[in-house]
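I have placed the structure first, in the form of structure tokens, so that the comments after it can refer back to it.
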Protein chains: 2
Amino acid sequence: MDPHLLRTFVAVAREGSFSAAAQELGYTQSAVSQQIAALEADLGVPLLTRRPVAPTEAGTRLLEHAGPLLLRLAAVRTELTRLAAAPSARLAIGLTPLAATDRLAAALARLRADLPQLLVTLETLPTARALAGLATGELDLVLLDGIAAPTDPLHLPEADQTPGSVLMVAEEPLLLALPDGHPLAGRRESGLPELVDARWIDAPEAAVPLAALRAAAHTDGFRPHLRYQGTDPHALTALIAAGHGLAILPRRAVDPRLTGVPIGRPRLLHRTELRLPHPGTPAGRRLVELLSD
Amino acid sequence: MDPHLLRTFVAVAREGSFSAAAQELGYTQSAVSQQIAALEADLGVPLLTRRPVAPTEAGTRLLEHAGPLLLRLAAVRTELTRLAAAPSARLAIGLTPLAATDRLAAALARLRADLPQLLVTLETLPTARALAGLATGELDLVLLDGIAAPTDPLHLPEADQTPGSVLMVAEEPLLLALPDGHPLAGRRESGLPELVDARWIDAPEAAVPLAALRAAAHTDGFRPHLRYQGTDPHALTALIAAGHGLAILPRRAVDPRLTGVPIGRPRLLHRTELRLPHPGTPAGRRLVELLSD
DNA sequence: TACGGTTACGCTTTTCGTAATTATC
DNA sequence: GATAATTACGAAAAGCGTAACCGTA
């Protein structure tokens, strides 16, 4: 199970074509065919159907493992490279859409004082991409957000890839965002279970994703009636205000034109967490120190 | 970063010798030398010092990743092999020392009725070995125990290796086990933080490991005054009764000769969890069904 | 000097590309 | 019949073992 073979298998499965994968990876179609054949021979199972090219049952299982495996492989490589390489004067930061950036911004200002010619890059991206960025070394630092029980760290899919420091940056209450006239708007607080069958807007990049609620509440409810793919908080506010459905947001992100009802019963918080991989960059480590004060 | 090279590197680091690793893996000393050289060339960093043979800083980092990586690689292989192979009439179960086995025993009895000629094997082993056994296919099913917040699953080191089913088998209160005359014995309950600096017995195989308490309480207290390596509950009871120190146990495991004070404040429970890898064996799946009723 | 890791060298195996072949839509 | 995967084959590279070669206790 050479990583090389794994990589081409993933590419073929993603592209749905041997030739497309070959082009993508800089091989000939023949080489890819041979690699897949080698992998299937090694594992003793067909991994792909041909015409159309699609993963078999076994192939699907392998795909579930291949991603994390390749990511971790990349993570080791960056880790060791960083250990040896000259410290760079760059700090590439990845942010998930709802990450609380106040303390980060303040700390960055102080970091500027220490390292005037540091090039700081900020980029907003989904959680999975942020973790992948850490692994490949494209990012030096990420700020992730999600929901968690009071003192617990975030529960990330495919986590503990990159051992490193985890620093809690912010914890704030979760609010149910409602249009002003809504029947629930008068409530002092609301429990999550009673909201399972409400009319929900799934806005994975502008509010707490419904999938995260399902995971936290151990249920398969919270089904979306409307999905908003964008990141614009105003657009989401408008949708909620117009009565298209509800969403759950960290307090800070609830527009004043809406009513926010605290979520009570399962004690859950919106948590923002900084992750600095091992060993990190000098600027990253310094930033963590500044944030720890 | 061929898994082959990784495996060799791990062996060399563990043995502290190229020749010993070569013998262990069935290579010549020369081949091992070349493999390590290739790995170092690939990563661009020396991984081992020679004479004496010991991991460098970079080598240590690589070792931290190599274990999980190889384990996961093994897990995929078993998973795919199981998918293809004929269903075996074997059920190898791994148990961690404090796993609650009542429901398992009952379910096994009912399983016997369905599958009279099934060979069931039970084996007690540490958590890490149990997870490794699942990965390699030596075990079909494991019962793990640990401490966790009320509805949360166990937080395992190097977890989510093997995607599969997780079934909660038992949750029971944690008790502080005390000798009868102890000052704390009169208390109705006790909080964990106030116990950080007590006189502790670390009995990782006969009680909740102190390391688990440290992790759960986010502290580096709970330092052992005495360590008991065995698994015998009577021996531990004798040590506690003789005043050598305290230990925390699931309620069921506290000997009647001792006083058990419930742990209050951080709401923690002793949890026993069954893990069945994907796709598992037929007998394993049947057992999970029986346990789910 | 001896023990143990490295290097040189040759053989074998693997791997890839070109090109001919086959199979499916 | 065209598109796309497979197979055949030769060239290049990688991997391992034997054996000669250091470098350190």
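Letters go in sequence order (proteins before strands), and every chain restarts at 1.
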Any base atoms under 4.0 Å from B:Ser19, or only sugar-phosphate, or nothing? Heavy atoms, all strands. sugar-phosphate
4.5 Å side-chain heavy-atom contact, B:Arg223 and B:Arg214: yes
When you check the gap from the basic side-chain N to the acidic O, do A:Arg50 and A:Glu40 get nearer than 4.0 Å?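 A:Glu40 and A:Arg50: salt-bridged.
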Under-4.0 Å salt bridge between B:Arg61 and B:Glu57: yes
Give a yes or no answer on whether the side chain of B:Thr281 reaches the backbone of B:Asp140 with a donor-acceptor pair at less than 3.5 Å.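 Judged by distance alone, no pair lies under 3.5 Å.
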Output the rounded distance in Å from CD1 (B:Ile36) to P (D:dG15).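 Rounded to the whole Å, the gap is 13 Å.
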Rounded distance in Å - CD (B:Gln23) to P (C:dG5): 12 Å
Heavy-atom count around B:Arg227 CZ within 6.0 Å, excluding the residue itself: above 12? no
Spell out protein contact along nucleotides 9-25 of chain C as letters: B when the base is contacted, S when just the sugar-phosphate is, - when no protein heavy atom is under 4.0 Å; keep the 5' to 3' order. -------BBBB---BBS
